[in-house]
Number of protein chains: 2
Amino acid sequence: MDKKESTRNSILGTASRLFQCQGYHGTGLKQIIEESGAPKGSIYYHFPDGKEEIAFEAIQLMKQHVLQAARMDLNGKATAVEAFGYHIEKVSFLFDSEQKTTGLPIGLIASETAETNPKLREACNSAFANWQSLYAEVLVGFGFNENKAADLGVTINALIEGGCILSMTNGSGEPLRSIAKQIPFLLMNEE
Amino acid sequence: MDKKESTRNSILGTASRLFQCQGYHGTGLKQIIEESGAPKGSIYYHFPDGKEEIAFEAIQLMKQHVLQAARMDLNGKATAVEAFGYHIEKVSFLFDSEQKTTGLPIGLIASETAETNPKLREACNSAFANWQSLYAEVLVGFGFNENKAADLGVTINALIEGGCILSMTNGSGEPLRSIAKQIPFLLMNEE
DNA sequence: TCGAAATTATAGTGATCGGTCTACATAATA
DNA sequence: TATTATGTAGACCGATCACTATAATTTCGA
């Protein structure tokens, strides 16, 4: 039981990292096994439905991981501007280091599979919806009305996903920091 | 000469469409040939360096295509809000139809190759820089100072790329329209 | 019309893809 | 210890990957 969870988790961990950086089609099962150090013969024991199942579970993992990180960043701040500004800045620092450990949390696999794989598309869509709900919820807590907060949740999510693309491509966190600077203007008036 | 350009262009046309929708690794040369109707035996005549060269040229094509569309949308508007609001709304409509003809203009191939292929990464980075320069230039024309305009150019680009991801995943242009609604707040004060 | 150049067809390269299969090891339980 | 369930190893499958080599074809100027 313990061992089973351990190899399963190590597979999912490396899988989500690789899917973020190289995409679904750019990552082979072979690479996942090698980099995870997991037993070579047991992928289909832990994931009978193969690569798609690994991707599905990896999406759940990334979804929870981001949700948790965002919650911590946004918590205990005095204003919405401070909360989201801090959150985006923290994300930006992930792209300054040379190590290629960070990519598009879900956006990459989402756009790869949106047109071709309904199951994975739905999983990604649910992850986005979750994050946006959290953002909206926080904004409502700061006095925004619900409709406005919902639209802003979508907008902030787009800013982060788009900003991650730009930072990946640019090889630095600068684009995300340019974005963070605009948060005060975006969230200026609670209405 | 004429014919050569024609088959070359049809290959590049379908290639850029497929790369947008399925990504670099998710698109095979076979599919490009079949869907383009190009002569089956002549890929490596027109593109001696193979898939990478096709992708590189496809990126140039998408870059110019987006640049041109954006220029038309932004041109002749009375205010910055009107210009960018109109532009994003127009993009949103591309995601309402069922036909899977639209994807991430460059963001998908950018995030797939950022960590693994320096040449393609640089090409994507240059495309992003071009678009952002256009946005900034337009904003300066509306009275924004240069630094602020540059940051806003990055931000708007991130909004669009991120918004396209969300719209693709959601299967509708709604997310992009939620984003368009925030443009007035983002561009409220020219300073 | 002839011949050279430009263009396309076709077969085949090794490598790798995701996935299946069977045999083997390990662990737990009786 | 005997038996059963749980995991793992590794060979193997057909398909497809990007790519090459060479032959056939078309194009077009001389």
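The figures that follow rest on heavy atoms only: side chains count, while hydrogens, waters and symmetry mates do not. Quick note on labels: first sequence line is chain A, next is B, and so on, each numbered from 1.
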Specify the separation, in whole Å, of atom [atom1] of [X] and atom [atom2] of [N].
X       : N      : atom1 : atom2 : value
B/Leu29 : C/dT13 : CG    : P     : 19 Å
A/Arg8  : D/dT6  : CZ    : P     : 15 Å
B/Lys30 : D/dT20 : NZ    : P     : 19 Å
B/Phe47 : C/dT8  : CZ    : P     : 11 Å
B/Ile43 : C/dA9  : CD1   : P     : 11 Å
A/Ile54 : C/dC17 : CD1   : P     : 13 Å
B/Ile33 : D/dC17 : CD1   : P     : 12 Å

Handout entry: Under 4.0 angstrom between B/Tyr45 side-chain N/O and C/dT7 OP1 or OP2
Key =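 Looking at the OP1 and OP2 atoms of C/dT7, one of them is under 4.0 Å from a side-chain N or O of B/Tyr45.
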Problem - Presence of A/His25 side-chain N/O under 4.0 Å of C/dG18 phosphate oxygens OP1/OP2 - result: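 No, because none of the side-chain N or O atoms of A/His25 sits under 4.0 Å from OP1 or OP2 of C/dG18.
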Practice task
For DNA chain C, find the residues of residues 34-41 of chain B with a heavy-atom distance under 4.0 Å and give them by number; none if there aren't any.
Solution key: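 Those residues are B/Pro39, B/Lys40, B/Gly41.
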Problem - Ionic contact status for A/Glu57 with A/Arg8, cut-off 4.0 Å - result: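 Here A/Arg8 pairs with A/Glu57 in a salt bridge, since their nearest N and O are under 4.0 Å apart.
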Which donor-acceptor pairs under 3.5 Å do the side chains of residues 24-31 of chain A make with protein atoms, sequence neighbours left out?
from    : atom 1 : to      : atom 2 : distance (Å)
A/Thr27 : OG1    : A/Leu18 : O      : 3.4
A/Thr27 : OG1    : A/Gln22 : OE1    : 3.4
A/Thr27 : OG1    : A/Gly23 : O      : 2.8
A/Gln31 : NE2    : A/Glu35 : OE2    : 3.1

Exercise for the section: Would you name the heavy atoms of B/Leu61 and B/Leu12 that are closest together and state the gap between them? Expected result: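 Heavy atoms only, the tightest pair is CD2-O, 3.9 Å.
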Handout entry: Under 3.5 Å: donor-acceptor pair, side chain of B/Ser42, backbone of B/Tyr45
Key =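 Not at all, since once roles are kept as given, no pair shorter than 3.5 Å links the two residues.
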Exercise for the section: Say whether, by atom type as modelled, one donor and one acceptor occur between the side chain of B/Ser126 and the main chain of B/Glu122 under 3.5 angstrom. Expected result: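 Not confirmed, B/Ser126 side chain does not pair with B/Glu122 backbone.
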Exercise for the section: Test the B/Lys148-A/Phe185 pair against the cation-pi criterion, namely NZ or CZ under 6.0 angstrom from the six-membered ring centroid and within 45° of the ring axis. Expected result: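 Yes, a cation-pi geometry holds between B/Lys148 and A/Phe185.
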